[in-house]
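Atoms considered below: every heavy atom in the structure, side chains included; atoms not considered: hydrogens, waters and symmetry mates. We're numbering straight along the sequence, starting at 1. When a ligand or atom number is given, it counts from 1 through the structure's own listing order.
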Amino acid sequence: MTDGRHARMNVIPAITIDGPAGSGKSTLGERLARALGWLYFDTGVMYRALTLAAIERAVALDDPVALEHLAEALVIDVRPPEVADGRQYTVCADGIDVTWSLRRSDVEQRISHVAAHPEVRRVMRARQRQIGLRGRVVMVGRDIGSVVMPDAALKIYLVASIDERARRRLQERIARGQPAELAAIRDDIARRDELDRHVMQPAHDAVQLSSEGCSPDELVDRVMHLFSHPTSSAVPS
Ligand code: DC
C-alpha cells in the first residue's frame, strides 16, 4: 500500500474505509460523515440483510444461484436512525425493520459463507457503486476502495490488533446488554478474519491507519487532515 492521494481524473467526492472486523471502521465512518455532512453507508449491512433473509426463507447458503436471485430481489433500505436505541441507522429488508436482527449470532456465523459467493458480490457491489457514484458518501466495508469505489477521493485501510478488536466488541456487547466473553469473541474474530481474507482487498493506493492507541476524535482529525490536504505529505501520525 502506498499513499493514495495522487491527482486522478474523475475523482468521486467519497471516502472509503476498509479493514477487518472490529478495527473501528463504523465509528470512524459515522463521525467522518457527520463532520462532512455526508451520507454514512456501511456496506456490511447489505451482506447481513441478505444472510438474514436467506436464513429466514430457508435459501440454501451453498446455492449461489438462489442467493443471487434473493440478492437481486431483496429491497434493502438504509435510512437515518428512526429509533433512539443506540442504532447508527435503520435497515429495512423488504419493508421490515431488521436493524438489530442483523447482529444475531446465526447471521454472524453464516455471513462469510454468503459473502464469499462471487454471484452475490457482483449484485452487492453494483448497488454499492450506484450509491457511491452520487458522491458525498463515506462508505465502509472490505473491498470498497479496491473494487467498488477505486475512484474515491480518499481511501483508508484501518487496522488494529486482534486483542484490541476483541476488547472493543466486548465493550459494545456489554453496552447493549448482550452476553459477552472475551475469549469467545476473540476466537470469533480470528475465525472471521480467516473467512474474510479472500474478500479483504486493500486498495494499492489506500492510506493505512491504525486505530489502536488513538481516540475516535484523533482518528477523525487525522482523516480530515488527509482529506483536506490531498497533496500534503505532512500527515500527522
Ligand atoms: O463489517 P461487518 O462486520 O458488518 O461485515 C459483515 C460481513 O460482511 C463480514 O463477514 C464481511 C462481509 N463484507 C464483505 O464481504 N464486503 C463488504 N464490503 C462488507 C462486508
Next item on the list: For the pair Arg191 and Glu194, find out whether any cationic side-chain nitrogen is under 4.0 Å from an anionic carboxylate oxygen.
Entry: no
Checklist line | For Gly44, the ligand 1 atoms whose distance to one of its heavy atoms is below 4.0 Å | finding: 4 (O), 5 (O), 19 (C), 20 (C)
Check: Should Arg57 and Asp94 count as an ion pair when the cut-off is N to O under 4.0 Å?
Finding: yes
Note to self: Tell me whether Lys25 is salt-bridged to Asp42, with the criterion being a basic N under 4.0 Å from an acidic carboxylate O.
What the structure shows: no
Notebook entry, point to check: Within less than 4.0 angstrom of ligand 1, does Glu108 place any heavy atom?
Noted result: no
Notebook entry, point to check: Any N or O on Arg169 sitting closer than 3.5 Å to an N or O of ligand 1?
Noted result: no
Note to self: Which of the numbered atoms in ligand 1 are under 4.0 angstrom from any heavy atom belonging to Ala115?
What the structure shows: 15 (O)
Note to self: Are the side chains of Asp193 and Ile162 in contact, using a 4.5 Å heavy-atom criterion?
What the structure shows: yes
Check: Would you call Asp77 and Arg79 a salt bridge, taking side-chain N to carboxylate O under 4.0 Å as the test?
Finding: yes
Check: Nearest to atom 7 (C) of ligand 1, what protein heavy atom do you find, and at what distance?
Finding: Ile111 CD1, 3.4 Å
Notebook entry, point to check: How far is atom 19 (C) of ligand 1 from its nearest protein heavy atom, and which residue and atom is that?
Noted result: Thr43 OG1, 3.5 Å
Notebook entry, point to check: By number and element, which atoms of ligand 1 are closer than 4.0 Å to a non-hydrogen atom of Arg192?
Noted result: 2 (P), 3 (O), 5 (O), 6 (C), 9 (C), 10 (O)
Checklist line | Lys/Arg-Asp/Glu bridge criterion (N-O < 4.0 Å) met for Arg169, Glu172 | finding: yes
Next item on the list: Taking the side chain as every heavy atom from C-beta outward, state whether His117 and Glu68 have any atom pair closer than 4.5 Å.
Entry: no
Check: Can Ser112 be said to touch ligand 1, with heavy atoms closer than 4.0 Å?
Finding: yes
Next item on the list: State whether the shortest distance between N or O atoms of Asp42 and N or O atoms of ligand 1 falls below 3.5 angstrom.
Entry: no
Notebook entry, point to check: For ligand 1, which atoms have a heavy atom of Ile144 less than 4.0 angstrom away?
Noted result: 18 (N)
Check: Looking at atom 4 (O) of ligand 1, what's its closest protein heavy atom, distance included?
Finding: Arg48 NE, 2.8 Å
Check: Based purely on interatomic distance, does Arg142 place a nitrogen or oxygen under 3.5 Å from a nitrogen or oxygen of ligand 1?
Finding: yes
Note to self: Please determine whether a side-chain nitrogen of the Lys or Arg among Arg104 and Glu108 lies less than 4.0 Å from a carboxylate oxygen of the Asp or Glu.
What the structure shows: no
Note to self: Between Asp217 and Arg31, does any NZ, NE, NH1 or NH2 come within less than 4.0 Å of an OD or OE carboxylate oxygen?
What the structure shows: yes
Notebook entry, point to check: Short list, please: which atoms of ligand 1 are under 4.0 Å from a heavy atom of Arg121?
Noted result: 14 (C), 15 (O), 16 (N)
Check: Hey, which atoms in ligand 1 end up nearer than 4.0 Å to a heavy atom of Asp196?
Finding: 9 (C), 10 (O), 11 (C)
Checklist line | Salt bridge present between Asp188 and Arg165 (N-O < 4.0 angstrom) | finding: no
Margin query: Does any N or O of ligand 1 fall below 3.5 Å from an N or O anywhere on Tyr47, backbone included?
Written below: no
